[in-house]
Amino acid sequence: MPFRLIYSSEATPGLATADLEEMLAESRIRNRVCGITGVLVFVDGAFLQIIEGEKDDVLGLMERIERDPRHRSIKVFHEEEVDERAFASWNMAYLSPSTEEVARWVELEGGTTIGSVLSSVEREPGRLPGMVVNILKAIANP
Ligand SMILES: Cc1cc2nc3c(=O)[nH]c(=O)nc-3n(C[C@H](O)[C@H](O)[C@H](O)COP(=O)(O)O)c2cc1C
């Protein structure tokens with residue numbers, strides 16, 4: 001059964017777009033080899049990542065990601081076995097939406113920061129299934 005993990009983190013200040021692109025390119029190659037799929041969302045200095053794969057592979061990857069100095073304040077807020085992968089077609093899709101768009105994904109109303117949006121999702125996991133659906137829509141209609 002595939003396993004899905006969702007976490008958020010803060011990008012280390014000074015992380016450049018070129019660093020991010022290089023990290024994404026390397027991740028996609030490694031994920032293809034390891035059978036990992038998912039999405040990386042970068043918004044206003046924060047990361048939100050969904051990782052899917054065999055449980056051992058996902059947890060092994062998460063250990064490496066947690067040691068990575070390119071981000072900090074890592075919060076794993078969801079881990080579950082799933083019937084099927086939601087991101088089966090993407091070794092690591094990438095989105096860079098506005099905070100407002102992320103708030104809409106999780107059905108929160110306006111005028112808020114990405115930190116408060118992510119805290120709400122962490123506190124209220126009931127918002128996650130809708131968020132996954134809305135991320136898939138955003139990938140399909142960039
Ligand atoms: C926000 C973020 C997301 C990452 N996502 C992945 C990923 O999906 N797959 C991956 O192999 N590495 C990812 N990495 C890189 C890993 O942290 C790590 O550098 C890489 O797996 C190599 O591991 P190693 O340095 O222990 O050899 C990510 C790093 C960051 C900062």
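Read the numbers this way: they start at 1 and go in the same order the structure lists the ligands and their atoms. When a residue number appears, it is its place in the shown sequence, counting from 1. In what follows, every heavy atom counts, from backbone to side chain, and hydrogens, waters and symmetry copies are set aside.
Under 4.0 Å from ligand 1, the heavy atoms of Leu61 that appear belong solely to its side chain. Counting heavy atoms under 4.0 Å from ligand 1, residue Phe42 does not touch it at all.
A side chain to side chain contact (heavy atoms under 4.5 Å, CB included) with Trp90 is found for one member of Ile139, Val39, Thr37 and no other, namely Ile139. The only member of Ile6, Leu59, Ile51 that meets side chain to side chain contact (heavy atoms under 4.5 Å, CB included) when paired with Glu79 is Leu59.
Across every non-hydrogen atom of Ser9 and Arg72, the tightest pair is CB-O, 3.4 Å. Across all non-hydrogen atoms, the minimal contact from Thr112 to Ala103 is CG2-CB, 4.4 Å.
Comparing heavy-atom distances from atom 4 (C) of ligand 1 across Arg32, Met23, Glu66 singles out Met23 as nearest. Counting heavy atoms only, His71 comes closest to atom 31 (C) of ligand 1 of the residues Arg28, His71, Met62. Summarising the contacts of atom 14 (N) of ligand 1 with Ser27, Ser8, Pro69, the nearest heavy atom is found in Ser27.
For atom 3 (C) of ligand 1, the nearest non-hydrogen atom of the protein is Gln49 OE1, 3.2 Å. Counting protein heavy atoms only, atom 29 (C) of ligand 1 is closest to Asp68 OD2, 3.5 Å. Ranking the protein heavy atoms by distance from atom 9 (N) of ligand 1 puts Asn31 OD1, 2.8 Å first. For atom 21 (O) of ligand 1, the closest non-hydrogen atom of the protein is Arg64 NE, 3.0 Å. The protein heavy atom nearest to atom 20 (C) of ligand 1 is Arg30 NH2, 3.1 Å.
Looking at Tyr7 next to ligand 1, no N or O pair under 3.5 Å apart turns up. For a threshold of 3.5 Å applied to N or O pairs, the pair formed by Arg70 and ligand 1 contains at least one separation below that value.
Protein heavy atoms are found inside the 4.0 Å sphere centred on atom 17 (O) of ligand 1.
Side-chain atoms of Ser96 come within 3.5 Å of backbone atoms of Phe42 as a donor-acceptor pair (strictly under, hydrogens ignored). Looking only at distances, a side-chain donor or acceptor of Thr113 sits under 3.5 Å from a matching main-chain atom of Ser116.
Ring geometry for His71 versus Phe47: interplanar angle over 60°, hence perpendicular rather than tilted (30 to 60°).
Under a hydrophobic clustering in which Ile, Leu, Val, Met, Phe, Trp and Tyr are joined whenever their side-chain heavy atoms come within less than 4.5 Å, directly or via other members, Val43 and Ile50 fall into the same cluster.
Listed by number with element, the atoms of ligand 1 under 4.0 angstrom from any heavy atom of Met92 are 8 (O).
Atoms CG and CE, on Leu5 and Met62 in that order, are 5.5 Å from each other to the nearest 0.5 Å.
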